[in-house]
Structure formats: structure tokens, C-alpha cells
Protein chains: 2
Amino acid sequence: MRIEKNVKCEDCPLKCDIYLTSREMGMESMLNPAYVYYKKFETICRQGGKIDNSTVILKGNAKMFVSGHCSRNIILNILIPSNYIGLVSLYGLPDYPYSVAALEDCHTCQINNDAIEQIYQKNEHFMKLLNHSFGHSVSNIIDKLISLNQKHIRGRVAESLLYLSKVYDSECFKLTITRRELGELSAISEENTVRVLTDFKNENIINIDGREIELVDIEALSRISLNC
Amino acid sequence: MRIEKNVKCEDCPLKCDIYLTSREMGMESMLNPAYVYYKKFETICRQGGKIDNSTVILKGNAKMFVSGHCSRNIILNILIPSNYIGLVSLYGLPDYPYSVAALEDCHTCQINNDAIEQIYQKNEHFMKLLNHSFGHSVSNIIDKLISLNQKHIRGRVAESLLYLSKVYDSECFKLTITRRELGELSAISEENTVRVLTDFKNENIINIDGREIELVDIEALSRISLNC
DNA sequence: TCTCGACATTGATATTAATCAACTATTTTA
DNA sequence: TAAAATAGTTGATTAATATCAATGTCGAGA
């Protein structure tokens, strides 16, 4: 982790959103964003830690995960540039309910929650957006709950692959996560993750070359993902 | 389901909260709460259905659950008088992410969301509360996610019993749910639910007499619940 | 009171997925 | 570059839980 000086961040969504409103309200000078750089594997925020800022990923991938019992992790999301951390908890929780760790070197932009809170205290539109995002969080986690509990490993891996395809916005992508982490995304063991991937390959549903994955038969993946 | 006329609801928390603010803002007359009665087993709201009101349980128990694949259910919460339905989704989601069904005959108070929204549009305090409640929802479901995925059935049943003890606010309570539903609360089969209950009884951790359950050794239950 | 149906219980079996063990391939680092 | 660490793979075994089958119990209603 390193604070970066003299960063010019043209396309920082957090700054844009907040910057515009703060200027509108003449509170522009309060923002003082910090640009923070994390090396691969570094922790960006830790489950149980105090939330005191809103962070947006500018560059690099990160994983949002929860540490369960026996230090077994479940990955909730893969974060890509423009994704927020912490904002979902503004006014909500004092502590992070999850951890975030860098999968690659990550550049972030962080703004203190006090500043955001003061600016948005009377901004109904922003609060609505925040609530909306909360609602979707609840909905996503409920979906995950059902998947993990009721789908078999083939369905869970298929779902994860389809999810990653959406995240990377292509049917052909290079994984930023290990097989173990792909397992944690589906909440199954590393070994079974590999086995299912191999099966899918042999069934000509996907192509694998190391971390390069190509979804060949999306139709089949969707069908497998929906079966329980 | 039956709309009840001429109900006097002295201790309706929804009405109180909203009533006070609406009076403050001179919008009292917009509320028009409906008092609705549901017979045991009736659906109070259905997963995927449009959310157009906020409902508070005045009397009776209900279950909040999600229907997964193969119409297998997972119960998220048991609702008791004073618990809200739908409010958590105000501004958030257009559709219910869960269903609620009456476990007993239930009396409810329902207020149209449009009315609440207009009253609270500029009420920062209420929005904060709403966000706070959202944060806790996320947090609770994440906990459930970890439990279901990483705890064994003994731990999950122990956790459910401790949860029910909190809901019913006593170490000795009469279940409002069947064994099957107790299983759905722990996301395990009915048969294994019975087996674990019987084991707990033989280990003198609980006493069972039909639907009457007494938690004898809470210490042990907590320990079992925390083991993975 | 009898019967039906929902609920509860128990044992046997099958299935699923985790774990263990061994090994190969690929990166990192000294 | 060699050695060590990390990542990926495969097979065998074990453990956990679901499912199936049978039976018991209780209350509501004819």
C-alpha cells in the first residue's frame, strides 16, 4: 500500500459523482481524495474493520470475500475498475462485513466518509441510489445463498464461469484468480473445481489453457447452472 | 386475507414512526393505513411480486423465506409482532426478493409506499435508519451464507434453536413451525432435523415435548453452533 | 368413533463432495 | 541456475447428508 501523490484521475467515477454534487453545493474543497496503490495480494479492507472511507477501484482486479469458520473463505464478488467498496455501508454498518484483497496491483481513489456524509446529508437523490444499491446487494446475496445451498458443484462452477464472463465482459477471458479462488467463488474445494473444469472441457463446453478460459457452449453452461 | 374495518391499533410501530413524522409535516391525512388479516398458511407477500406497501406484523408469527430450485425453500427469518416487511426495499427493489407466509393467523397494518415516500423524501433521519437496516440485512444474510455453507447439520440446528430462543425471547418456547420448516430454517432435510433434535435431547442439551422446546444447556448449544 | 391426512420418527442406502495423498508444472527467489 | 514455493491435476478414500421406505402419532372433521 502506498499513497500516490500528484495523481490525475480523469475517469474516477467516485470522484465524478461526488465532485459534481460537492461543487454544486460549494463544498468542493472538502473532498481531498487520496489515491492509494495496493500491490497484488494486499488487503484493501478487512472484515470487521472500521469503515471510514469510500474506495473506488481505478485499476486492477480485487476480490470481495468473507472469512468463515476454520479460515475458509467465500468470494462474493470480483471487483473491477469503477466498482465501489464501503459506499454500500455508508450510514449502514460501522464495520466492513467482508474483506477485499487485491488480485493484481490495484490503484484506488478514497474519500473520507465524513466529507461525503456532509455533502450528501440533504441529497435525496444520492440516498435513493444508495438504498437502491443496498436492495440489489441483498438480492444478490440471497441468490448466492440459494445457489450454494441447492446447486451441485457442476451448477455452481457453471454459474461462476457465467458470472466471470459478465465481469470480464467477454466469452473469452484470462482469469485473475487461482483455481482455489475459483473454488471459493463457488464455495467448493479446489480439487473438485479442477475436476469440473476438466469435465466441462471434455464435454466441449469450455476451452481451457492455463488461466485462459473460453466459454464455447454458453447455452449448455446456462442449462447446467439452472439444474439443481 | 381480509381487510379489517374499524381497527384500533394502539401499539403499531409502523404507524407510530410514520404517524409522528407525517403529523410533524402536516401530511397525516395521507397515510390511510389498511389493517389486513391473514389466516394461517396464507401468503402475505410473494417472491418476485411488486412491492407497493410497507407491512408491519401486529399479531401472529410469519416466516420470511426464499424459494430456490426444485421448489425447495430456505427460511431466512421468523417474523413476530413489530417486524416490518417491505420497508427494507423502499427505494431499493421494485420486487420482493423473498416470500412471507403466515405461520399463525396474522394481523397486519399496511401503508402505501407512495405515501411513505412523499413524507420521507426529505427526511434524512429516516433514510439513515433505512440504510442502517439495509446494512444489517446484508450482514445477517452473509452470516447465514457462511453458516449454511460451512457448518455441519448439528451446528446449523444448534444455531437455529438459539435464534428461535431469541425470537421467542425465552429458553423455553413453543415452536410455531413444523420440523420440516425447522429444517428449512437450517437448510437441511426434515429427517436429519429430527435426528439432530433427538441427539440433542439424548445428550441432555435440550428437552422436547412435541413442539415445546426447552434449551437446557445453552453453553453447549453455542459451542456446537460455533464448531464447524 | 372412525378415518384421513399432516406431521414426526427411525433405519437403511445412495449420493455428493471433502479430504488425503501423490504427483506435475510453473513461478519466485536465493 | 538451482532450489523452493506456489499452483494445478488426478485417483482413492472417507465423511456428511439426502433420499427412500416404513411406521408411528395426533388432531380435525365426517
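Every chain is numbered from 1, with letters handed out A, B, ... down the list of sequences.
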Once you apply a heavy-atom cut-off of 4.0 Å, does A:Arg211 come out as touching a base, just sugar-phosphate, or nothing? sugar-phosphate
Distance in angstrom units between A:Ile153 CD1 and C:dA18 P, rounded: 6 Å
Is there a donor-acceptor pair under 3.5 Å between the side chain of A:Ser165 and the backbone N or O of A:Leu161? no
Is the side chain of B:Thr43 donor-acceptor paired with the backbone N or O of B:Arg46 at a distance under 3.5 Å, no angle test? no
Taking atom types as they are modelled, is there a donor-acceptor pair under 3.5 Å from the base of D:dC20 to the side chain of B:Glu191? yes
Taking the side chain of A:Arg179 as its heavy atoms from C-beta onward, which of D:dT9, C:dC7, D:dA7 lies nearest to it? D:dT9
B:Lys151 NZ to D:dT17 C1': how many Å, rounded? 17 Å
Any side-chain donor paired with an acceptor under 3.5 Å for B:Asp105 and B:Tyr37? yes
Of all the nucleotides listed (C:dC7, D:dT17, D:dT10), which has the minimum atom distance to the side chain of B:Asn192? D:dT17
How many whole angstroms separate atom CG of B:Leu182 from atom P of C:dA8? 9 Å
In whole Å, I'd like the distance from the NZ atom of A:Lys201 to the P atom of D:dG8. 14 Å
B:Thr198 side chain N/O closer than 4.0 Å to the phosphate oxygens (OP1, OP2) of C:dT10? yes
Checking B:Glu203 side chain against B:Phe200 main chain: does a donor-acceptor pair fall under 3.5 Å? no
The side chain of B:Thr178 lies closest to which of these nucleotides: D:dG8, C:dA8, D:dA18? C:dA8
Indicate, with a heavy-atom threshold strictly under 4.0 Å, whether B:Arg72 touches base, sugar-phosphate, or nothing. sugar-phosphate
Indicate, with a heavy-atom threshold strictly under 4.0 Å, whether A:Ser189 touches base, sugar-phosphate, or nothing. base
Closer to the 5' end of DNA chain C via nearest nucleotide, is it A:Lys40 or B:Gly210? B:Gly210
Is it true that the NZ or CZ of A:Lys63 lies under 6.0 Å from the centre of A:Phe65's six-membered ring and within 45 degrees of the ring axis? yes
Looking only at N and O atoms, is any donor in the side chain of B:Arg195 or the base of D:dT19 less than 3.5 Å from an acceptor on the other one? yes
